[in-house]
Amino acid sequence: AARSLVVDADIAAPTILLPRRRHSDAGLLAVDAGTIRVEGGAGPAGQRWDVTLKGAALKLDDAHLSDPLGLALRVDLPDGAACGVDVALSQIALRLTPSHAEALLECVATALESDRVDAVASGGDAEEQVEAVEDAEELIADGVGLRVAVRLPSLELAVLEEDGASRLALVAEDVEAKMAAKPGGLDIDATLRSLGLHDRIEKRFLLESGGDSLSVDAADRALRAYAALPGAPVLGDDDAADALLRVALKTRGPRAPDFVGFGVDLDARLATLRLACGADDLKPLEPFWAGVVRGLAHFGGGGD
């Protein structure tokens, strides 16, 4: 008789603490993972697992850097068919001062450096990563394949002054990426709907994306010419006409059934990006960018 396993668990997720420096009390980045719900099971046809994360947040010392974050993850492991991973993120809204940006990057650099030191000391992580890559390659070579889709409705970065006043906000909307790996090749399709930089004091966009008749006509002419190439990847027209950026990458090896003479096809569409500002309008970004540069200096041990 066929057997199955069903799991339904609702747990409080851990809080991850990342220090700014390994051997000092310079501060901590707290990654509160909120709550996690796991549902799914295994049966004769394969496995399906749904993981939902709610109420996650980033906190640096006493400062809250984000609105509550969420994530929905579905993993399908059907027998004899492509494995599927679907990731749907909630809206991500970050609020960072220049010092927050520096500290956040410093915490990430410290965590990466710690992982590198531990890996060198144990000697096991590198071997495990190689084995994982080999397992994935074997899975694809056997004809099973792998499909991954990631969706993010919006990403907002509010650039704050050190006193907490909000001036500029960078907003990216409808970010989506899909990847399909199969014997003989790889397909990647990525879309960015819009991008804008908003001055909240002046209440106007300094940077704004959008299509117009000229860019659409030019894109149509380019697409007609590109479609004449053998094996050119075709981007679907669904909800892509007004996207700021749409990229399709397709790789094929000589053993692939649809190999037509060349191994890499790239189709990229870029809509209009309007800039309505001068140097003075961007001056509020200078302290923030300086904080980012200071934070990046910590990668590779440069900040110790």
Side-chain angles (χ1 to χ4, degrees), residues 1-14 16 31 33-56 68-92 125 128-155 172-193 233-240 243 246-253 255-259 265 267:
R3 297 184 177 182
S4 62
L5 169 69
V6 177
V7 176
D8 188 342
D10 197 347
I11 60 176
I16 302 171
V31 183
T35 60
I36 294 180
R37 183 179 182 89
V38 180
E39 300 176 276
Q47 303 179 41
R48 165 170 286 183
W49 300 96
D50 289 311
V51 179
T52 304
L53 183 148
K54 295 181 178 180
L69 307 173
L71 177 147
L73 171 67
R74 167 166 287 184
V75 179
D76 285 313
L77 302 171
D79 290 342
C83 303
V85 179
D86 291 278
V87 182
L89 297 163
S90 68
Q91 173 181 331
I92 298 178
D125 285 354
E128 293 175 0
Q129 292 175 5
V130 171
E131 291 178 359
V133 172
E134 291 176 347
D135 291 343
E137 291 176 344
E138 182 179 351
L139 187 69
I140 295 171
D142 290 340
V144 175
L146 174 65
R147 175 190 56 79
V148 179
V150 180
R151 293 175 297 278
L152 172 64
S154 69
L155 171 62
E173 294 185 337
D174 291 338
V175 181
E176 183 173 354
K178 298 178 182 178
M179 186 273 289
K182 51 189 176 182
L186 176 70
D187 292 342
I188 298 177
D189 190 348
T191 305
L192 170 61
R193 174 74 56 196
V234 178
L235 287 173
D237 292 329
D238 52 320
D239 298 329
R246 184 81 182 269
V247 177
L249 175 66
K250 176 177 166 182
T251 67
R252 289 294 179 268
R255 296 182 180 180
D258 54 349
F259 181 73
D265 297 326
D267 184 357

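Treat the numbers as computed from the prediction; the structure is a model and nothing was measured. Residue indices begin at 1 and follow the sequence shown.
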Heavy-atom closest pair (Pro153 atom, Gln91 atom, distance to 0.1 Å) is CG-N, 3.7 Å
One should read off an interatomic distance between Thr35 OG1 and Lys54 NZ, to the nearest 0.5 angstrom, of 7.0 Å
So, do Val51 and Ile36 sit near enough that their side-chain heavy atoms are less than 4.5 Å apart? yes
Just by distance, do the side chain of Thr251 and the backbone of Leu186 share a donor-acceptor pair under 3.5 Å? yes
Would you say Val38 and Asp8 make side-chain contact, with heavy atoms under 4.5 Å? no
Would you say Thr191 and Arg246 are linked by a side-chain donor-acceptor pair, where the criterion is simply a distance under 3.5 Å?
yes
Output, in order, the C-alpha distance, side-chain angles, deciding distance and verdict of side-chain contact (heavy atoms from CB on, under 4.5 Å) for Asp267 and Val247. CA-CA 6 Å; Asp267 184 357; Val247 177; over 6 Å; no
Q | Evaluation steps, salt bridge (charged side-chain N to carboxylate O under 4.0 Å, His left out), between Asp187 and Lys250 | A | CA-CA 5 Å; Asp187 292 342; Lys250 176 177 166 182; 5.8 Å; no
Practice task
Evaluate salt bridge (charged side-chain N to carboxylate O under 4.0 Å, His left out) for Asp76 paired with Arg48, printing each intermediate quantity in order.
Solution key: CA-CA 5 Å; Asp76 285 313; Arg48 165 170 286 183; 2.5 Å; yes
Looking only at heavy atoms, the pair that brings Gly70 and Ser90 closest together is N-OG, 2.7 Å
For Leu71 and Val87 the tightest heavy-atom approach is CD1-CG1, 4.1 Å
ask   = Where do Asp50 and Arg37 land on the salt bridge (charged side-chain N to carboxylate O under 4.0 Å, His left out) test, with the steps shown first?
value = CA-CA 8 Å; Asp50 289 311; Arg37 183 179 182 89; over 6 Å; no
When every non-hydrogen atom of Cys83 is compared with those of Pro78, the smallest separation belongs to CA-CD, 4.3 Å
Smallest heavy-atom separation, Glu173 atom then Leu192 atom, equals O-CD1, 3.8 Å
* **Student check: side-chain heavy atoms of Glu176 and Asp174 closer than 4.5 Å** => no
Taken to the nearest 0.5 Å, the spacing of Trp49 CH2 from Leu77 CG works out to 9.5 Å
